[in-house]
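See below for the structure under consideration.
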Amino acid sequence: MAAGRPRPSYLDGLNPEQRQAVEALDGAVLVLAGAGTGKTRVLTTRIAHILASGRAFPSQILAVTFTNKAAREMKERISAMVGEAVEGMPWLGTFHAIGTKILRRHAELVGLKPNFTILDTDDQIRLIKQILSAENLDDKRWPARTLAGMIDGWKNRGLTPDQVPAGEGAVFAGGRGVALYAAFQDRLKTLNATDFGDLLLEPIRLFRLNPDVLADYQRRFRFLLVDEYQDTNVAQYLWLRLLALGGKNICCVGDDDQSIYGWRGAEVDNILRFDHDFPGATVIRLERNYRSTGHILAAASHLIAHNEGRLGKTLFTDDEPGEKPTVTSTWDSEEEARAVGEEIESLQRRGHKLDDTAILVRASFQMREFEERFITLGLPYRVIGGPRFYERAEIRDALAYFRCVVQPADDLAFERIVNVPKRGLGEASIKQMHDHARAAGIPLMQAARDIVETDALKPKARTSLRELLQCFERWRGDLDGKPHTELAEIILDESGYTGMWQQERTAEATGRLENLKELVRSMEDYANLPAFLEHVSLVMESDRSDGVDAVSIMTLHSAKGLEFETVFLPGWEEGLFPHQRALDESGRAGLEEERRLAYVGLTRARRRAKIYFSANRRIHGLWSSTIPSRFVDELPEDHVEVEESKGKPGWGGGMVSRFDRADPFASSNYGTPGWQRAKAGGGQGGGFAEGGAGALERGRFGGSSRGAFGHASGGKVIEGELIAKSTGGSSFSRGDRVFHVKFGYGEIIALDGNKLTVQFDKAGEKKVVDSFVEKV
DNA sequence: GGCATTTGGCTTTTT
DNA sequence: GCCAAATGCC
């Protein structure tokens, strides 16, 4: 791999923009890589190029990703290009893994010991619960989850307790939010633990408090590379920015149109502001798409063009136009699943592989209907995502045992397993230990040791606690003596943990025992127990794909980065997609993120994209009539095919059946908000009028005066902003009784255009748009 | 302390 | 309507 050669082979096959992105090594570079434009290829080739050209040693390159999967993939691809040199790339990993590495090296500087534990979300919440109950706060009124969410939010924004804006902490527990955050941080330090947020926040604090340490890393990292830059949160941005100070060579790759994690703290602004943050930055656009056919790309591009806050790219392809994406309406979600099932079977008959097929849903509750249908059909499928291996109770219990052996001060782990299996050590016994531990300022396990020597506990409890403690002593003594996998088995056995599941003799218990075996097996790859635990807190995946040809079912979020020959996109209905909550909570920004999600969904398809919406869907148990998603309207007419529903009657005509029976306001299909607005005629009424009227016209599928996807008059409407543009059309008046799908029954107490103030019987006073309620 | 019943919530998810 | 968690009872 001589540097002198005119054109190293790894540059072969790159298009001019990709090549520019690979070769522009100096200064700040932003690569705006549209969907399917070869983003990962550019990133990995760029690293190969840095190495091959001798600009830096592997250890001088910092390359960060979000997921372990992405990091692994990058490692593999780089080593394929440059050989084993990657072995020496110690700084390629997730933000959290690299943060941990830095933090362990300098733990003392931020009040931790190098062997600190990393708490996952579950531990974090249990700890917060303890703090809340110690403060005598009613956990009904002030749930630990809520505070955990707030703390995560602050950490995502890089805020330590003293930096939280005054007003923000005030909303929790009567102004005690920030104090509780501070208390939580204190507890973490006492436990020698961090949560995920700290893995970013603490390095920032470390760097700020110790400029010499920072300078050291700034010197070390000659090149910085960041994957999925649109997903970075403020803390990650600050972290990067500190490291990049002094005119570093930083290269961020991302796509603002695929930013779908705003709700967990990602700041699209980071990418939108890049050239402001790094003056003189080179911006390179990758717009040549190698994935999808022309029609799919056109549909996706046209859809995403409805977003305002974007940098703008124009994707193009040399591929044939191919099949137009289809839009199919169904009567209800059951028929939708049936239609998708039939289509897949038909594709299968024509020789398509199920592996090349995916169903991408907005919310996971949608999956069940497809699963049920596929079971009936005998169609193999796999659900991607869902509960992760290490989140399963048995795995967490086993890990807690191991943690107690390795880290006697790990109170959370000890508390988790002290009475699992049942040892007669209930709440009362645990309280004893807690009180003593707190009073003496010692870890729980040590407190337990003291208590065993007194007669504070009943003889029975005392004996079993003593036995447990003796076990831990013994296991700890074997840490160096026995191979760690063997020790792990001994621990699970002698503690009675495996015995507990064996006794249950249910299919579920068998599965759990399998998982435990799998856990022990996976330990073989690590040198010892501590090394394994270190790894497991950050990584640990369950995707054991079994090699069977099967349809993939997953959420749109987990589909990002994947691609399939055929993609089914069901549930394109207002309220579900875009999701009502995204609109309510984040208004326009929420809508744009939902639209990006739709864009991500469409661009997963190589040759076929099939969109569905159904007229009725069960939401929280209630059958509700629904309206096609505005995203359907935003697809370009010329690039989309409208299909008749496979099932019998489409919309207008005498539909009957289940809906009528299950519907609380029976026989009133024609009285639903959609119909009322349709009757009122087009743009009136604001709210969903546009979608509603259009939908019904399309519903008959006779084609309408506006064309299949003609845009109705009136501007875009975003719920949550409660646009009052309607005049006259409203048929409501004060005192009317109304029904709302979410809030139930209530009485109108005030009107303002199409905005109603309703006193709901159960939900209290709310402001709603009239199109959401119906007269009763 | 363990089991049965009631309650509440219900978008997306990584580390 | 369904599920997990929390409460209440024995």
Side-chain angles (χ1 to χ4, degrees), chain A residues 64-71 93-100 118-125 129 139-140 143-146 149 152 155-156 194-201 228 231-233 235-236 259-266 360-369 384-388 390-391 393 419 421-430 458 460-461 464 535-541 554-561 571 575-586 590 593-594 596-598 600-601 617-624 662 664 741-742 762-763:
Chain A
V64 279
T65 63
F66 276 84
T67 63
N68 294 299
K69 196 175 155 209
T94 62
F95 275 101
H96 291 85
I98 290 169
T100 308
I118 300 164
L119 305 186
D120 63 21
T121 320
D122 213 73
D123 290 329
Q124 188 199 21
I125 288 187
K129 259 189 194 147
D139 61 350
K140 268 269 163 56
R145 293 202 152 274
T146 310
D152 276 343
K155 288 187 175 177
N156 282 338
T194 65
D195 62 10
F196 286 125
D198 286 343
L199 298 177
L200 300 168
L201 196 57
E228 306 275 23
D231 288 339
T232 49
N233 60 34
Q236 283 155 339
S259 163
I260 55 174
Y261 286 111
W263 51 274
R264 70 176 196 213
L360 310 183
V361 298
R362 175 62 181 83
S364 37
F365 76 83
Q366 292 172 261
M367 293 181 180
R368 215 176 55 187
E369 212 131 15
I384 314 281
R388 257 156 285 286
Y390 72 103
E391 280 168 4
N419 200 32
K422 300 269 183 286
R423 297 189 176 89
L425 297 165
E427 230 172 289
S429 315
I430 291 170
K458 295 199 188 100
K460 230 173 163 180
S464 71
H535 184 79
V536 93
S537 53
L538 287 174
V539 200
M540 187 82 188
E541 279 154 276
M554 69 187 94
T555 62
L556 286 159
H557 283 92
S558 38
K560 191 165 80 142
L576 175 58
F577 191 38
H579 201 280
Q580 194 55 49
R581 229 164 123 169
L583 303 178
D584 289 346
E585 282 166 19
S586 320
E593 184 154 311
E594 296 285 296
R596 291 193 289 267
L597 203 48
V600 166
R617 189 174 293 276
R618 197 151 56 179
I619 299 165
H620 305 325
L622 279 179
W623 280 99
S624 319
V741 174
K742 194 159 140 202
K762 295 235 170 81

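The chains referred to below are lettered A, B, ... by the order of the sequence lines, with proteins before strands, and numbering in each begins at 1.
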| Within the side chain of A/Ser586, is there an N or O that forms a donor-acceptor pair under 3.5 Å with the backbone of A/Leu583? | no
| Distance in angstrom units between A/Ile125 CD1 and B/dT15 P, rounded | 18 Å
| field | C/dA4 and B/dT11, which share atom name P, separated by this distance in whole Å | value | 16 Å
| message | Nearest whole Å is fine: how far is B/dT11 C1' from A/His557 NE2? | response | 8 Å
| Between A/Leu425 and A/Leu556, which is nearer to the 5' end of DNA chain B once each is assigned its nearest nucleotide? | A/Leu425
Dump every N/O contact between nucleotides 4-9 of chain C and the protein below 3.5 Å, one line per pair.
unit_1, atom_1, unit_2, atom_2, d
C/dA6, OP1, A/Lys129, NZ, 3.2

| remark: Nearest-nucleotide check on DNA chain B, A/Thr555 vs A/Gly426; residue mapping nearer the 5' end is A/Gly426
| message | Rounding to an integer number of Å, can you tell me how far A/Met367 CE sits from C/dC3 C1'? | response | 17 Å
| note | In terms of heavy-atom contacts, A/Phe365 and A/Arg618 come closest through CE1-O, 4.5 Å
| Phosphate contact (B/dT11 OP1 or OP2) by A/Ser364 side-chain N/O below 4.0 Å | no
| d(CG, A/Asn68; P, B/dT13) in whole Å | 17 Å
| request: State whether A/Arg368 places a side-chain N or O below 4.0 Å from either non-bridging phosphate oxygen (OP1 or OP2) of C/dC2. | output: no
| message | Can you measure A/His579 atom NE2 to B/dC10 atom P for me and round it to whole angstrom units? | response | 11 Å
| field | Stacking of A/His620 on B/dC10 base (centres under 5.5 Å, planes under 30°) | value | yes
| said: Centroid distance below 5.5 Å plus an interplanar angle below 30 degrees: do A/His96 and B/dT15 meet both conditions? | reply: no
| said: Please report the distance separating the P of B/dT12 from the corresponding atom of C/dC3, rounded so that it comes out in whole Å. | reply: 15 Å
| What is the distance from CD1 of A/Ile260 to C1' of B/dT12, rounded to the nearest Å? | 8 Å
| task | Would you mind classifying the nucleic acid contact of A/Ile430 as base, sugar-phosphate or nothing, using non-hydrogen atoms under 4.0 angstrom? | result | nothing
| request: Output the single nucleotide from B/dG2, C/dG1, B/dT15 whose closest atom is nearest the side chain of A/Asn419. | output: B/dG2
| query | Would you find a donor on one side and an acceptor on the other, under 3.5 Å apart, between the side chain of A/Glu594 and the backbone of A/His579? | reply | yes
| query | So, does A/Asn156 use its side chain to make a donor-acceptor pair with the main chain of A/Arg264 at under 3.5 Å? | reply | yes
| request: Mind checking A/Gln124 for me? I need base, sugar-phosphate or nothing, with any heavy atom below 4.0 Å counting as a touch. | output: nothing
| message | Check for me whether the distance between the ring centres of A/His557 and A/Trp263 falls short of 6.0 Å. | response | yes
| request: Using a heavy-atom cut-off of under 4.0 Å over every strand shown, decide if A/Gly99 touches base, sugar-phosphate, or nothing. | output: nothing
| request: Measure across A/Thr94 and A/Ala97 and return the closest heavy-atom pair with its distance rounded to 0.1 Å. | output: OG1-N, 2.9 Å
| said: Given the structure, check if the side chain of A/Thr121 and the base of B/dT15 hold any donor-acceptor pair shorter than 3.5 Å. | reply: yes
| said: Could you tell me how far apart A/Glu228 (CD) and B/dT13 (P) are, to the nearest whole angstrom? | reply: 15 Å
| task | State whether the side chain of A/Gln236 and the backbone N or O of A/Phe95 hold a donor-acceptor pair below 3.5 Å, judged by distance alone. | result | no
| note | Shortest non-hydrogen pair, A/Gly571 vs A/Leu576, comes out as O-CD2, 3.5 Å
| Roughly, in whole Å, what's the span from CH2 in A/Trp263 to C1' in B/dT15? | 12 Å
